[in-house]
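A quick write-up on the structure given underneath.
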Amino acid sequence: MQFIVIEDFTGCDRKEIYRRFRDRGRLKPEELVVHHSWIAADMSRCFLLVESDDVTSLQRWVIEWADLVEFEIVPVATSKEMVAALSGHL
C-alpha cells in the first residue's frame, strides 16, 4: 500500500530535525520504502511517497520523529489503480 506522508516542521526546531537526519538518517524500518521526497521551498514541510504492506512500519517510523515533527499520513492509489478498481461501477 502507498501513502503520502506530510511531515510538518511548523513550530519545530528545524535545525534539530536536519541534525538528526544527518546523524542518524531517516530512522525508518527496513520494510518501509521511500519512493520520493520533496521539501517545500520554505522548508516548513516534507512530502514523501512511501510504501509498506504493514501499517505498523509507519507507526514505528513516526515514533522516532514524534518529538520533533507532526505527521499526516494519507493512504493513496494511482489513478490507473482507481480506474481499474471502479471499472465495474462506471
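Worth saying up front: this structure is predicted, and the values here are computed from it rather than measured. For the numbers below, each heavy atom of this structure counts, side chains included, while hydrogens, waters and symmetry mates do not.
- Among residue pairs with one or both ends in residues 9-20, those qualifying as salt bridge (charged side-chain N to carboxylate O under 4.0 Å, His left out) are Glu16-Arg19, Arg20-Asp67; sequence neighbours excluded.
- Crowding of Glu70 atom CD: a count of heavy atoms from other residues, nucleotides or ligands under 6.0 Å not exceeding 12.
- Residue pairs meeting the salt bridge (charged side-chain N to carboxylate O under 4.0 Å, His left out) criterion with at least one member in residues 36-60, sequence neighbours excluded: Glu31-Arg60.
- In this structure, Phe47 has no ring-ring contact (aromatic ring centres under 6.0 Å, His included) partners at least two apart in sequence or on a different chain.
- Considering only residues two or more places apart in sequence or on other chains, Ile63 meets the side-chain contact (heavy atoms from CB on, under 4.5 Å) condition with none of them.
- The stretch residues 80-90 participates, sequence neighbours left out, in these side chain to side chain donor-acceptor pair (under 3.5 Å) pairs: Thr78-Glu81.
- Cluster partners of Leu58, by chain and number: Met1, Phe3, Val5, Phe9, Ile17, Tyr18, Phe21, Leu27, Leu32, Val34, Ile39, Met43, Leu48, Val50, Val55, Trp61, Val62, Trp65, Leu68, Val69, Phe71, Ile73. The rule joins Ile, Leu, Val, Met, Phe, Trp and Tyr whenever side-chain heavy atoms lie under 4.5 Å apart.
- The side chain to side chain donor-acceptor pair (under 3.5 Å) search around Asp8 returns Thr10, not counting sequence neighbours.
- Pairing each heavy atom of Ser57 with each of Pro29, the nearest pair is O-CG, 3.3 Å.
- Applying the side-chain contact (heavy atoms from CB on, under 4.5 Å) criterion to Ser79, with sequence neighbours excluded, gives no partner residue.
- Note: Lys28 NZ to Ser52 OG = 9.5 Å, rounded to the nearest 0.5 Å.
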### Query
How far apart are the C-alpha atoms of Glu7 and Cys12, what are their side-chain angles, what is the distance that settles it, and do they pass the side-chain contact (heavy atoms from CB on, under 4.5 Å) test?
CA-CA 11 Å; Glu7 299 174 323; Cys12 302; over 6 Å; no
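- Listed by chain and number, the residues in a ring-ring contact (aromatic ring centres under 6.0 Å, His included) with His36 are Trp38 (sequence neighbours excluded).
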